[in-house]
Amino acid sequence: MTNEIRHHLTDAILMAYAAGSLNEAFSLMVATHVSLCDECRARLESYDALGGALLDGIDADAQAPVAEDSLAATLARIAASDAGETAAMRPAPAPRGSVLPAPLRDYVGGDLEAIRWRPVGMGVKQAILKTGPGATARLLFIPAGTAMPDHGHHGTEMTMVLQGAFSDEDDHFARGDVEIADEEMQHTPVADISEDCICLAVTDASLRFTSLLPRLAQPFLRI
Amino acid sequence: MQVEPSGRDRVSLGVIAHNGFRQTEPDPDMTEPSPARALWIGHIDRIREDKDQQAFAELFAYFAPRVKGFLMKSGADSAQAEECMQEVMATIWQKAHLFDPSRASVATWIFTVARNRRIDTLRRQRRPEPEDLPWGPEAEPDQEDVIVLQQESDLLRQALADLPEAQRDLVERAYFGEMSHREIADATGLPLGTIKSRIRLALERLRHAMNGSQ
């Protein structure tokens with residue numbers, strides 16, 4: 001299942017996620033893709049390993065002496081909370097048949113039926129997810145065979161397919177694939193005819209439109 | 001391509017994991033040869049199985065000043081870093097059963113716990129995490145995977161130490177500071193590919209075991 005993914009996350013974004021310096025919306029993109037892609041999970045864990053190697057090899061003068069009672073205080077913390085503190089560090093896998101991987105389900109409150117779509121014209125719907133500052137995450141619903149508005153970008157936009165598929169001028173994107181668009185890119189994604197397309201899209205800056213028609217749909221992009 | 005583990009490897013790991021701490025104290029200069037790095041796995045085993053405070057004390061003596069230093073480099077003051085470090089080390093005790101030595105070194109695992117605590121407590125942001133793999137009774141870590149992953153973690157640590165200082169400094173700032181990902185240095189030359197391949201193999205085995213058990 002997972003080895004059909006052809007469009008992956010970049011090293012830069014995986015490393016930034018491992019370092020803990022990505023904002024919440026892009027972190028959600030990484031967490032969602034990695035949930036479906038073992039290749040990127042392995043790459044991510046190798047960047048975690050780099051963090052571990054840095055921690056292990058930290059210079060003696062960059063180590064910080066701990067408080068005198070530090071160990072005793074830590075053991076006291078452990079004693080105070082030992083019972084029941086066994087929650088996993090990562091969300092449990094989404095139930096079989098889910099379209100949304102677990103990290104997205106946490107934001108939506110369930111699978112597709114829990115998404116609160118807002119129509120934005122031409123059959124396209126969106127749901128903006130509540131994330132911290134710096135970037136915006138949204139779910140997009142594009143009816144089968146429909147073209148997204150033609151747009152350029154001021155910053156980076158990443159779009160990951162969750163259901164169905166879409167094509168742009170250059171390539172084809174199916175479940176798990178991530179399209180990364182930067183400032184130079186002008187593109188017109190078109191959803192495949194066979195199925196409605198649902199995507200997670202994360203943007204770190206406003207989109208700018210290049211044709212008249214899509215202005216009708218601008219509210220959906222919340223510029 | 002797989003390397004068949006020799007019987008000797010299996011035995012030596014067991015010896016290190018269960019008895020090594022009595023013979024070899026953790027070396028603060030980190031110059032010990034690579035098999036000794038498996039020492040910490042034995043400590044985690046003892047914490048998990050026996051709630052062994054001596055094992056925890058040794059782990060703490062080595063990692064607590066590193067974790068606190070990491071947090072201070074990331075902008076925490078001394079009191080915040082101490083508090084946060086104690087929470088991290090307590091988490092290591094409490095979640096010892098979740099550590100998987102076929103996919104991470106102990107240092108890597110502690111790094112991820114410290115990083116997440118930094119985001120949560122110091123930056124007060126939410127960090128979405130990938131969903132867990134479907135662990136099951138079949139998913140006992142393979143001893144060969146454990147040995148090789150730990151060896152490769154050690155090679156990575158050594159390669160990092162051998163980087164020219166300017167380059168090492170960039171990687172360090174990327175992880176310890178708050179550089180944007182556009183500024184992050186290219187980690188060319190570090191043996192990340194081998195670790196990635198090893199983790200990939202462990203994931204494939206896990207998937208295979210899960211499919212076989214259904």
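By convention in this document, chain letters (A, B, ...) are assigned in the order of the sequence lines, proteins followed by strands, and residues within each chain are numbered from 1.
Residue B/Gln53 touches chain A through its side chain alone, counting heavy-atom pairs closer than 4.5 Å. With a 4.5 Å cut-off on non-hydrogen atoms, B/Ala161 does not touch chain A at all. Using a 4.5 Å cut-off between heavy atoms, B/Ala104 makes no contact with chain A at all. For a residue to count as touching a neighbouring chain, one of its non-hydrogen atoms must lie under 4.5 Å from one of that chain's; by this rule A/Ala92 touches chain B with the backbone only. In this structure, chain A has no heavy atom under 4.5 Å from any part of B/Ser105. Using a 4.5 Å cut-off between heavy atoms, B/Ile119 contacts chain A through its side chain alone, with no backbone atom that close. Using a 4.5 Å cut-off between heavy atoms, A/Ser27 contacts chain B through both its backbone and its side chain. When heavy atoms are compared at a cutoff of 4.5 Å, B/Arg126 approaches chain A by way of both its backbone and its side chain.
Among residues two or more places apart in sequence or in another chain, the ring pair (Phe, Tyr, Trp, His ring centres under 6.0 Å) test is passed with A/Phe173 by A/His7, A/Phe166.
Side chain of B/Lys68 to main chain of A/Gln63: no donor-acceptor pair is present (N/O by atom type, distance under 3.5 Å, no hydrogens or angles). When atom types are taken as modelled, the side chain of B/Arg66 and the backbone of A/Asp56 share a donor-acceptor pair closer than 3.5 angstrom.
Identified by a heavy-atom distance below 4.5 Å to chain A, the contributing residues of residues 76-83 of chain B are B/Glu82, B/Glu83, in residue-number order.
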Could you go step by step and tell me if A/Met15 and B/Tyr175 meet the side chain to side chain contact (heavy atoms under 4.5 Å, CB included) rule?
CA-CA 9 Å; A/Met15 191 179 183; B/Tyr175 275 78; 3.6 Å; yes
Test log, rule salt bridge (charged side-chain N to carboxylate O under 4.0 Å, His left out), inputs A/Arg90 and B/Glu131:
CA-CA 6 Å; A/Arg90 292 183 159 166; B/Glu131 67 184 38; over 6 Å; no
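By number of non-hydrogen pairs under 4.5 angstrom with chain A, the leading residue of B/Glu172, B/Lys73, B/Gln125, B/Met72 is B/Glu172.
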